[in-house]
Number of protein chains: 2
Amino acid sequence: MSTRSTEGGAAGGERRPRADVARNRARLLAAARELFAERGEEVSLPDVARAAGVGMGTAYRHFPTLGDLVEAAAEDRFAGILAHARALADGGGRDPVPDYLRHVGEVLEADRGLSAAVEALRGTPGSAPLGRTRAELEEAVGVLVEHSRRHGTVRPDLTVADIHLLAGAISATVRTGSGPWRRLLDLTVPGLRPDTGGHAAS
Amino acid sequence: MSTRSTEGGAAGGERRPRADVARNRARLLAAARELFAERGEEVSLPDVARAAGVGMGTAYRHFPTLGDLVEAAAEDRFAGILAHARALADGGGRDPVPDYLRHVGEVLEADRGLSAAVEALRGTPGSAPLGRTRAELEEAVGVLVEHSRRHGTVRPDLTVADIHLLAGAISATVRTGSGPWRRLLDLTVPGLRPDTGGHAAS
DNA sequence: ACCTGAACACCGTTCAAGT
DNA sequence: ACCTGAACACCGTTCAAGT
């Protein structure tokens with residue numbers, strides 16, 4: 001079926017974007033990554049447009065809200081965390097949880113600006129970001145917790161939600177630079193061990 | 001140099017403010033507390049002025065920046081935490097640290113809006129807030145850690161900075177509502193016990 | 001079909017005029 | 001000496017005109 005190249009055929013669905021459109025998107029994303037890394041949350045869409053060398057209308061067309069741009073910029077970082085979690089799950093180590101948490105901390109630390117930008121857009125209208133990836137991560141981390149429980153390296157009541165809770169705490173510490181997040185990890189991990197949960201403070 | 005009564009004498013220093021000035025300040029603070037509690041960080045000085053029933057110029061005169069207002073609004077909360085820490089120190093209990101952390105969580109939880117407002121002003125130009133109170137808190141918490149070490153209820157390498165690190169993590173969890181902060185406490189406290197620090201994850 | 005940036009709308013801050 | 005709020009400045013978003 002020979003169609004005009006721009007308007008996609010009814011069957012295919014995903015029509016290939018025009019070359020300049022794709023290039024603009026790529027430029028915007030590249031500029032956004034740089035700016036987020038440099039200035040974190042204090043970046044506007046016009047800033048990104050200027051840095052990318054495109055009109056601001058174009059920026060708004062590609063990413064209607066700054067949140068969309070942040071999400072796109074953070075996508076592969078999130079995917080990286082997911083990949084690491086899966087690798088740990090497949091590796092079948094006895095005690096993958098500390099490793100996972102450390103990896104999260106390192107990734108967030110590697111680009112604090114982006115971390116701040118991501119955080120700044122929590123609760124912004126229209127931010128249920130990365131739905132599928134999030135679900136996949138949940139599953140992968142679930143496997144880690146399961147493994148650990150079976151090997152007796154963590155307390156039996158530990159859940160996936162707990163790991164996210166800790167990851168969130170580490171994330172906040174990294175972001176605000178309010179302290180050495182590795183120390184937080186050192187203080188926290190021992191509390192995840194078996195037979196520590198029983199005699200909580202009265 | 002004989003001066004008019006309004007211009008403070010060289011000796012006394014603290015001159016008493018005019019009645020309406022004091023009243024305006026009180027109104028602004030009351031309005032600010034309400035608004036912070038309701039809407040957290042999305043509050044502007046003109047908002048507060050309107051709610052207080054004073055001109056916005058007056059608001060800017062009393063509190064040149066929103067940060068000053070937040071600081072003033074959060075002052076007694078901070079003082080309350082300090083008082084609690086001192087009470088625990090005087091109480092001489094064997095294991096005051098979990099109690100202290102729980103108290104911090106409860107106070108922050110009681111007014112999340114204010115917590116968010118306080119956090120939103122970290123790193124804003126001119127925010128080395130509550131310098132003296134902060135130093136006093138440091139000292140009080142130091143006593144708690146000291147007591148605990150002596151009683152053997154915490155690991156010997158635990159420091160005041162560690163407690164602030166944990167308090168910050170709890171604070172972030174409370175603020176963002178990203179999870180049950182009490183659970184975070186339960187997961188964390190066991191890791192503070194003695195003989196847990198030695199065999200950290202490789 | 002997409003791009004551009006001037007025009008618009010909005011919100012925080014200042015300061016001239018009033019008490 | 002302090003208060004008020006209209007005027008100003010700034011910044012994010014839209015959309016009419018251009019390619």
Side-chain angles (χ1 to χ4, degrees), chain A residues 3-10 12-32 35-36 39-70 117 120-121 124-127, chain B residues 2-9 12-32 35-36 39-70 117 120-121 124-127:
Chain A
T3 54
R4 303 282 305 272
S5 67
T6 39
E7 192 59 58
E14 294 292 274
R15 72 174 195 271
R16 178 158 34 167
R18 242 168 53 177
D20 58 332
V21 173
R23 210 190 49 213
N24 280 338
R25 193 190 144 89
R27 278 186 184 170
L28 283 164
L29 260 172
L35 289 186
F36 286 140
R39 311 210 305 265
E41 52 209 309
E42 352 219 286
V43 173
S44 70
L45 260 166
D47 287 341
V48 176
R50 230 164 294 147
V54 308
M56 43 208 241
T58 305
Y60 278 100
R61 163 183 290 270
H62 281 275
F63 303 99
T65 174
L66 196 65
D68 297 315
L69 186 50
V70 170
L121 280 113
T124 294
S127 73
Chain B
S2 78
T3 55
R4 307 278 304 271
S5 69
T6 38
E7 192 60 56
E14 296 289 275
R15 73 173 193 273
R16 179 158 33 164
R18 241 168 54 176
D20 59 332
V21 172
R23 210 190 50 211
N24 279 340
R25 195 190 143 87
R27 279 185 184 172
L28 283 164
L29 261 172
L35 288 185
F36 287 141
R39 311 209 306 262
E41 51 210 310
E42 351 218 286
V43 173
S44 70
L45 259 167
D47 286 341
V48 176
R50 230 163 294 147
V54 308
M56 43 210 243
T58 304
Y60 278 100
R61 163 183 287 270
H62 281 274
F63 304 99
T65 174
L66 196 63
D68 298 314
L69 186 50
V70 170
L121 280 114
T124 294
S127 71

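Lettering of chains follows the sequences in order, A, B, ..., and the numbering in each one begins at 1.
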Peer 1: Within this structure, what is the CG-CD distance for the pair A:Leu35 and A:Glu42, rounded to the nearest 0.5 Å?
Peer 2: 12.0 Å
Peer 1: For a quick test of reading the model: is some side-chain N or O of B:Ser44 closer than 4.0 Å to OP1 or OP2 of C:dC11?
Peer 2: no
Peer 1: So, OP1 or OP2 of C:dA1: does either fall under 4.0 Å of a side-chain N or O from A:Arg18?
Peer 2: no
Peer 1: Would you tell me if any nitrogen or oxygen in the side chain of A:Asn24 comes within less than 4.0 Å of OP1 or OP2 on C:dC3?
Peer 2: yes
Peer 1: Take the protein atom CG of A:Leu28 and the nucleotide atom C1' of C:dC2, then report the distance between them rounded to whole Å.
Peer 2: 13 Å
Peer 1: How far apart are the closest heavy atoms of A:Ala59 and A:Ala49, and which atoms are they?
Peer 2: CB-CB, 3.8 Å
Peer 1: Would you call B:Leu69 and B:His62 a side-chain contact if the rule is heavy atoms closer than 4.5 Å?
Peer 2: no
Peer 1: If you measure from CZ on A:Arg61 to CG on A:Leu28, what distance do you get to the nearest 0.5 Å?
Peer 2: 12.0 Å
Peer 1: Expressed as a whole number of angstroms, how long is the span from A:Asp20:CG to D:dT19:C1'?
Peer 2: 11 Å
Peer 1: Among residues 46-59 of chain A, which contact DNA chain D at a heavy-atom distance under 4.0 Å?
Peer 2: A:Pro46, A:Met56, A:Gly57
Peer 1: Roughly how many Å is it from CG in A:Leu66 to P in D:dT14, rounded to a whole number?
Peer 2: 13 Å
Peer 1: What is the distance, rounded to the nearest whole Å, between atom CZ of A:Arg27 and atom P of C:dC3?
Peer 2: 11 Å
Peer 1: Expressed in angstrom and rounded to an integer, what is the separation of B:Arg23 atom CZ from D:dA1 atom C1'?
Peer 2: 15 Å
Peer 1: Atom CG of B:Asp20 and atom CZ of B:Arg25: how far apart are they, to the nearest 0.5 Å?
Peer 2: 14.0 Å
Peer 1: Give the rounded distance in Å between these two atoms: CG of B:Leu45 and C1' of D:dT4.
Peer 2: 15 Å
Peer 1: Between atom CG of B:Leu45 and atom CG of B:Leu66, what is the distance when rounded to the nearest 0.5 Å?
Peer 2: 5.0 Å
Peer 1: Rounding to an integer number of Å, can you tell me how far B:Phe63 CZ sits from D:dC3 P?
Peer 2: 12 Å
Peer 1: Measure NE2/A:His62 against P/C:dT4 and give the value in whole Å, please.
Peer 2: 9 Å
Peer 1: What's the spacing between A:Tyr60 OH and A:Asp68 CG if we round to 0.5 Å?
Peer 2: 12.0 Å
Peer 1: Could you provide the dot-bracket string of DNA chain D, using ( ) for intrastrand pairs, [ ] for crossing pairs and | for bases paired to another strand, with Watson-Crick or G-U pairs below 3.5 Å?
Peer 2: ||.|||||...|||||.||
